[in-house]
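Scroll down for the structure; my scribbles are underneath it.
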Amino acid sequence: MESSAESSDVDRDVELHVIASEPSSASEADGGGVNEERSPLLSQAEKPKINIFTLSYPRRKPGEEVIRSFEPEISAASQFLSWVWSGSRYSGLMCMAISSTIYFTMEVVTDVFSVQPIPLLEVAFTRCTMILVLSYMWLRKVEQPLSGLGNAKRLLISRAFMGYISLISFIYCIQRLSLSQAVVLSLTTPIIASVVARFILHETYKVAEIGGLACSFFGVLFIFRQLLTTQDQHGEGNSKSVNESDHIYAILAGSLSSLTGGISYCLIRAGANACDQPLLTVFSFSLLASPAAGICLFAFEMFVFPSFYSFSLMLVLGVLAFFAEVFLARGLQLEKTSKVTNVLYMEAALSQLWVIGSARIAPTFGRIFGCLLILISVFCTMYIGPDKED
């Protein structure tokens, strides 16, 4: 029994010795083979032509260098747009300045590219429809829900109603008054919006803000002073052919347009802050204005079928109007009403400078001085900037 136990122990030792010797022999064999295989690679005579640096940085294709050359320009443009839109300190004023510039661009496009005469209600219907389609597509893209807005829904409905009344009243006014009179009445909207904001939004004023609005409006009066006096004298000579009641109704309609427009600006600010999405204010307005303008068009005016050229231009103006309304809503959301509405007067100054530069009217002292007053007021508002946060 003892001998068998010893023999079993010896066998176990031998088995363990055999198991331990196999990997060692295999490793020696492998090691020898590896050394024999690797020794030529480590020799100085045959150095590899490709090292880790060339493998980590492969050679670029010619097309990639051209693409990378445009990356700084694209990033600069995207950074500027993100800075304007994202809510920085000057975003509200910059958004309103962009909106005024787009409106001025629309005037230039309409002035340069002449089209067939189209009723104003038809133009309003086309633009409101384009704004409705584009705003709906944008809201669907950002996955913005159109229901469950709570208290913001009443603000959006009120904004749409006031905006449509302002639009229809202005169309009635501009059809029965001269262009200069209608423009002067419409340019009282920023002042009315600032006054209404004191009661609806409980905003406070500063002397610089009141002075800026007054300076801009005086600039408007200097611009249109000569046109207003000339048309008044012309109207006195033809008093028999002019119905005074229609003139009074047109002035009342223009005043109503300015009043409802000022209230609409305040509701845009309140609604955009309530739902945290300024595009909803644009969508709500177009959702009411588009079908209502279509009904008024077929009820009160004759529909004119536009040519392809005229229809294309109307679509372009509709797209520009959409972006102008979006930037206007964003500016009102981010900045105080009395500050941001003063920037709207920049459109009147730019349009007058365009008309003077195109040699359509003579550059008089009143027009140039009025444009300077508006530009100085707007630049001072931009320079002072928004109020500092406590």
Gln277: which residues meet the side chain to side chain donor-acceptor pair (under 3.5 Å) condition with it, sequence neighbours left out? none
Counting C-beta onward and ignoring hydrogens, is there a side-chain heavy-atom pair between Thr341 and Leu213 closer than 4.5 Å? yes
Please tabulate, one pair per line, all N/O donor-acceptor pairs under 3.5 Å involving side-chain atoms of residues 135-145, not counting sequence neighbours.
residue: Ser135; atom: OG; partner: Ile131; partner atom: O; Å: 2.7
residue: Ser135; atom: OG; partner: Leu132; partner atom: O; Å: 3.0

Would you compute the distance between atom CG of Leu156 and atom CG of Leu288 and round it to the nearest 0.5 angstrom? 12.0 Å
Pair Glu203-Ser338, side chain to side chain donor-acceptor pair (under 3.5 Å): steps then yes or no: CA-CA 9 Å; Glu203 293 184 355; Ser338 59; 4.8 Å; no
In residues 119-127, what donor-acceptor pairs under 3.5 Å come from side-chain atoms, sequence neighbours left out?
residue: Glu122; atom: OE1; partner: Val304; partner atom: N; Å: 3.1
residue: Thr126; atom: OG1; partner: Glu122; partner atom: O; Å: 2.9

Mind checking the CG-CG spacing from Leu221 to Leu187? Nearest 0.5 Å is all I need. 9.5 Å
Flag yes if Leu279 and Ile98 sit in one hydrophobic cluster, no otherwise; membership is Ile, Leu, Val, Met, Phe, Trp, Tyr, and two members link when side-chain heavy atoms are under 4.5 Å apart. yes
Taking only residues two or more places apart in sequence or in another chain, which ones pass side chain to side chain donor-acceptor pair (under 3.5 Å) with Ser100? none
Any chance you could measure Ser91, atom OG, to Arg330, atom CZ, to the nearest 0.5 Å? 7.0 Å
N/O donor-acceptor pair under 3.5 Å between Ser158 side chain and Leu155 backbone: no
Verify same cluster id: Tyr345, Val184 (apolar side-chain graph, 4.5 Å): yes
Taking all non-hydrogen atoms of both residues into account, name the closest pair between Gln333 and Ala272 and its distance. NE2-O, 3.3 Å
Is there a side-chain contact (heavy atoms from CB on, under 4.5 Å) between Ile118 and Met314? Walk through the geometry before answering. CA-CA 10 Å; Ile118 297 175; Met314 290 169 66; 3.4 Å; yes
Quick one: which residue pairs count as a ring-ring contact (aromatic ring centres under 6.0 Å, His included) with a foot in residues 152-204, not counting sequence neighbours? none
Output all residues satisfying side chain to side chain contact (heavy atoms under 4.5 Å, CB included) with Val112, sequence neighbours left out; order by chain, then residue number. Val108, Trp354
State, yes or no, whether a side-chain contact exists between Met106 and Val316 at a heavy-atom distance under 4.5 Å. no
Any side-chain heavy atom of Leu317 within less than 4.5 Å of one from Phe113? no
Yes or no on side-chain contact (heavy atoms from CB on, under 4.5 Å) for Gln175 and Ile171, after CA distance, side-chain angles and deciding distance? CA-CA 6 Å; Gln175 286 177 340; Ile171 292 176; 3.9 Å; yes
Close side-chain approach of Ile200 and Arg269, heavy atoms under 4.5 Å: no
Could you tell me whether the side chain of Thr101 and the main chain of Ala97 form a donor-acceptor pair under 3.5 Å? yes
Over all atoms of both residues, closest heavy-atom pair of Val340 and Leu93: CA-CD2, 4.2 Å
Name all pairs fulfilling the ring-ring contact (aromatic ring centres under 6.0 Å, His included) condition that reach into residues 277-303, sequence neighbours left out, sorted by first residue then second. Phe298-Phe303
Linked, directly or transitively: Leu201 and Ile191 (ILVMFWY side chains, under 4.5 Å): no
Which atom names give the shortest non-hydrogen contact between Ala289 and Cys128, and what distance separates them? CB-SG, 3.7 Å
Side-chain contact, heavy-atom cut-off 4.5 Å: Gln352 with Ile361? yes
Would you list the pairs meeting salt bridge (Lys or Arg N to Asp or Glu O under 4.0 Å) in which at least one residue belongs to residues 159-173, sequence neighbours left out? Arg159-Glu325
Between Ser169 and Leu256 the two heavy atoms that sit nearest each other are OG-CD2, 3.5 Å
Show the atom names and distances, to 0.1 Å, of all donor-acceptor pairs under 3.5 Å that link a side chain in residues 369-380 to residues at least two apart or in another chain.
residue: Ser377; atom: OG; partner: Gly212; partner atom: O; Å: 2.7
residue: Ser377; atom: OG; partner: Ser216; partner atom: OG; Å: 2.9
residue: Ser377; atom: OG; partner: Asn342; partner atom: ND2; Å: 3.1

Who passes salt bridge (charged side-chain N to carboxylate O under 4.0 Å, His left out) against Glu347, sequence neighbours left out? none
Check for me, please, whether Ile263 and Ile268 land in the same ILVMFWY cluster - side-chain distances under 4.5 Å, paths through other members count. no
Note: Pro363 and Ile356 closest approach over all heavy atoms is CB-CG2, 3.6 Å
Atom pair OG1/CE of Thr381 and Met96 - distance to nearest 0.5 Å: 12.0 Å
Kindly write out the residues that satisfy side chain to side chain contact (heavy atoms under 4.5 Å, CB included) with Ser166, not counting sequence neighbours, or none if the list is empty. Ser257, Thr260
Using side-chain contact (heavy atoms from CB on, under 4.5 Å), reason through Arg367 and Leu353 one step at a time and then give a plain yes or no. CA-CA 9 Å; Arg367 292 191 181 97; Leu353 293 176; over 6 Å; no
Looking only at non-hydrogen atoms, find the nearest pair between Leu185 and Gly254 and report the distance. CD1-CA, 4.1 Å
Gap between atom SG of Cys296 and atom CG of Leu167 - 0.5 Å precision: 9.5 Å
Just verifying a value: how many Å separate Ser99 OG and Met346 CE, rounded to the nearest 0.5 Å? 9.0 Å
Can you name the ring pair (Phe, Tyr, Trp, His ring centres under 6.0 Å) partners of Phe311, sequence neighbours left out? none
Trace of the side-chain contact (heavy atoms from CB on, under 4.5 Å) decision for Val326 with Leu134: CA-CA 11 Å; Val326 170; Leu134 293 175; over 6 Å; no
Do Val220 and Phe218 land in one hydrophobic cluster if side-chain heavy atoms of ILVMFWY residues count as linked below 4.5 Å? yes
